[in-house]
Number of protein chains: 2
Amino acid sequence: MKEVTLKQIAENLGISITTVSKALKNYPDVSKKTKALVKEEAKKLHYKPNVFAVNLRTKQSKTVGLIIPEVVHHFFSSVVNGIIEHAEKKGYLVIILQSNESYKLEQKQIDLLISKRVDGIMISLASNSTDISHLQEVRDLNIPMVMFDKISKLIDCSKIIINDRKAAYVATKHLIDSGCKRIAHFRGALLPQNSIDRFLGYKKALEDHGIQYDPSLVYICERVDYKDGIEAAKKLMSEHDDIDGLFCITDLVAIGAISVFNDNGIKVPDDISIMGFSNWFISSAITPSLSTIDQPGYKMGKATFKTLLKEMKAKRKELPFKPITKVLETKLVVRNSTK
Amino acid sequence: MKEVTLKQIAENLGISITTVSKALKNYPDVSKKTKALVKEEAKKLHYKPNVFAVNLRTKQSKTVGLIIPEVVHHFFSSVVNGIIEHAEKKGYLVIILQSNESYKLEQKQIDLLISKRVDGIMISLASNSTDISHLQEVRDLNIPMVMFDKISKLIDCSKIIINDRKAAYVATKHLIDSGCKRIAHFRGALLPQNSIDRFLGYKKALEDHGIQYDPSLVYICERVDYKDGIEAAKKLMSEHDDIDGLFCITDLVAIGAISVFNDNGIKVPDDISIMGFSNWFISSAITPSLSTIDQPGYKMGKATFKTLLKEMKAKRKELPFKPITKVLETKLVVRNSTK
DNA sequence: TTAACAGCCGAAAACGTTTTCGATTTTTTA
DNA sequence: TAAAAAATCGAAAACGTTTTCGGCTGTTAA
């Protein structure tokens, strides 16, 4: 049971390997008759080109790499969804790696992808990635790369993002518009740009609407998850009793907070209005359903791959490529956790 | 700016390519002195082997394929997590494909993976995959394959599963033990084995405990999601008023049902006890928190890859490999939606 | 009749690695 | 000191494809 190769077909037909190869790829200097013959024989033998040889010869793998902080995560899995669907359509396969929010791992994985010779790399940074020499290496090797969501401004490459600051502004403004006067904010860790930007949007909205910014109303959620939300809410309750609005950096944090309020007889949204962020789909399934900002994960994945594709094409044709930055629209989603 | 190759190193050192190759791989017939020289030079030039050439020569890609019905799904993303983590440790990369529960797509993707010459394939079947000729092809080509969670009994390969029937039995028994007499079941579609097995477990538990099985208490949720849960719950409410227990095929269905009961003044668990299935982590975040069956996604991913690895190793050594079936333990998780 | 040309085909190099096997040198043994 | 054994190296084939370039045939134009 041997592999079917060009050689095999050539021998069967009594012609050269060259002609077989060219016939299968519709080169103009092969007669219609031979083309038909070759194609028929290829089909008969179930010929499939050996990708290993093709890769070696063409110097491309038709494979792209994707690094995300977490796989088990609604937003990122939506991005993955958008990416692999469009990649497959264009004949590319996707290798997925998870940095676990670790800078060290991220660095290793970049090396892995480079040594695997993927045609391009898509990455959303780990929160603690401040050193970016590994990313610079990708640029230096002239490997197409697109960053999305969690990006670094220090690297010159294409970027697909949302305007976190603006979105947070809209979220906070919605709380203000619905009558909230004392609005707390559960923010993320101090370093990640997302966390900073959302905080700044919150602050700006307050200031623009005549509400004094009060640092004691801002709580830090390091891991930005359900438990963080619970703890921050408990702390908030013990330290303040006049809060009527809360903007959380994540739906998950918001859900944690809601559960605390539910347990303590604080009515949402009557006593306190709550905004989440992401529109993780479970936010429509809790009680009360959560008002939030829709973060378009699928679209981001799609745009990320399409941009990478352009860059890969340009590279193959040895054309210059100017990195672009695309800002995707977010949407305010009003449900029952706000008035 | 040329690529660094073995040839390059050989020329620099005035020795042969063969020796360089062997030195880097610690062949015994290279002197310590040359080895040191070669390694030093390799490091100096940042030599990285060309995987394309290695693949061609060794006939393996050190890459495995993974096909799942859905990426944006808590259980499957947990499996993905378990797989890619352990694969990376062993030097394998993972290509992820999503069948979108479509048999047609699944078939194409298998072909894709075959033509990419992955070293092995892991797959959880689409619900409507009854024809399994594409899987048989994988077997025929002697490509290592492991099926997990949604499997087909007709294919002779390794399988990693849970005992759905037993788990459903435990879930239903928990309802019975806590005093429920009239227990409804929101099941999945008619075809998928999971759906059938969970239904059978439910039925068996009733029968074993002297409760008459009543077909009118079983509702079908085609898509097994939140909306299905809502609709089934509404229907249940309109058709029956004596239900005191409900076992749902999925946490998501259960959450949908709970929201309906919440809205209609039906107290959970006082009026009706509810069991989910999966222990999707949001189930601890809703009110009331959901009692459920823990389905070990991460462990399943880990076991799936490890089994595949064994099979790949056996193949390389041309040893026979006897497919195994591993049944992972599930756990009853009691929270506040049951008494 | 010759030159030019189009149409068709194949030899051969190249991609970069791995591995077999034989050659050469050095060391050990008798 | 000669023979045997060990240590070290390299030539070359192989993996299967793509592509350049030149050759051959037969037709057309001058």
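To find a chain, count down the sequence lines: A is the first, B the second, and so on, and within it residues start at 1. Since the model is a prediction, treat every value here as computed from it, not as a measurement.
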| task | Answer yes or no: is there a side-chain heavy-atom contact under 4.5 Å between L66(B) and I96(A)? | result |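 Sidechains of I96(A) and L66(B): no contact.
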Answer yes or no: does a side-chain N or O of [X] lie under 4.0 Å from OP1 or OP2 of [N]?
| X | N | answer |
| --- | --- | --- |
| Y47(A) | dT17(D) | yes |
| T58(A) | dT17(D) | no |
| S21(B) | dT19(C) | no |
| T34(B) | dC9(D) | yes |
| S31(B) | dC9(D) | yes |

Using whole Å, report how far [atom1] of [X] lies from [atom2] of [N].
| X | N | atom1 | atom2 | result |
| --- | --- | --- | --- | --- |
| N55(B) | dT17(D) | CG | P | 15 Å |
| L37(A) | dC9(C) | CG | P | 10 Å |
| L24(B) | dT19(C) | CG | P | 13 Å |
| K48(A) | dC15(D) | NZ | P | 21 Å |
| K25(A) | dC8(C) | NZ | P | 20 Å |
| L6(A) | dC15(D) | CG | P | 13 Å |
| Q60(A) | dT17(D) | CD | C1' | 13 Å |
| I17(B) | dA14(D) | CD1 | C1' | 14 Å |

Side-chain donor or acceptor of [X] under 3.5 Å from a matching atom on the base of [N]?
| X | N | answer |
| --- | --- | --- |
| D29(B) | dC9(D) | yes |
| T18(A) | dA12(C) | yes |
| K22(A) | dG10(C) | yes |

| query | Which listed nucleotide (dT17(D), dG16(C), dT8(D)) is nearest to the side chain of L56(A)? | reply |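 Looking only at side-chain atoms, L56(A) lies closest to dG16(C).
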| Nearest-neighbour nucleotide for the K59(B) side chain, dG16(C), dG10(C), dC15(D) considered |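 It is dC15(D).
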| message | Between Q8(B) and Y47(B), is there a side-chain donor-acceptor contact under 3.5 Å, judged purely by atom types and distance? | response |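 No, Q8(B) and Y47(B) have no side-chain donor paired with an acceptor closer than 3.5 Å.
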| Donor + acceptor pair across side chains of Q107(B), D111(B) (<3.5 Å) |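 Looking only at side-chain atoms, D111(B) and Q107(B) do not form any donor-acceptor pair under 3.5 Å.
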| request: On DNA chain C, check which nucleotide each of Y27(B) and A53(B) is closest to and give me the residue with the more 5' one. | output: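 Looking at DNA chain C, the more 5' nearest nucleotide goes with A53(B).
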| request: Apply salt bridge (Lys or Arg N to Asp or Glu O under 4.0 Å) to the pair R139(B) and D156(B), showing each step before the final yes or no. | output: CA-CA 8 Å; R139(B) 291 320 287 157; D156(B) 178 43; 5.6 Å; no
| Closest approach of D149(A) and S124(A), non-hydrogen atoms and distance? |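 Heavy atoms of D149(A) and S124(A) come nearest at CB-OG, 3.9 Å.
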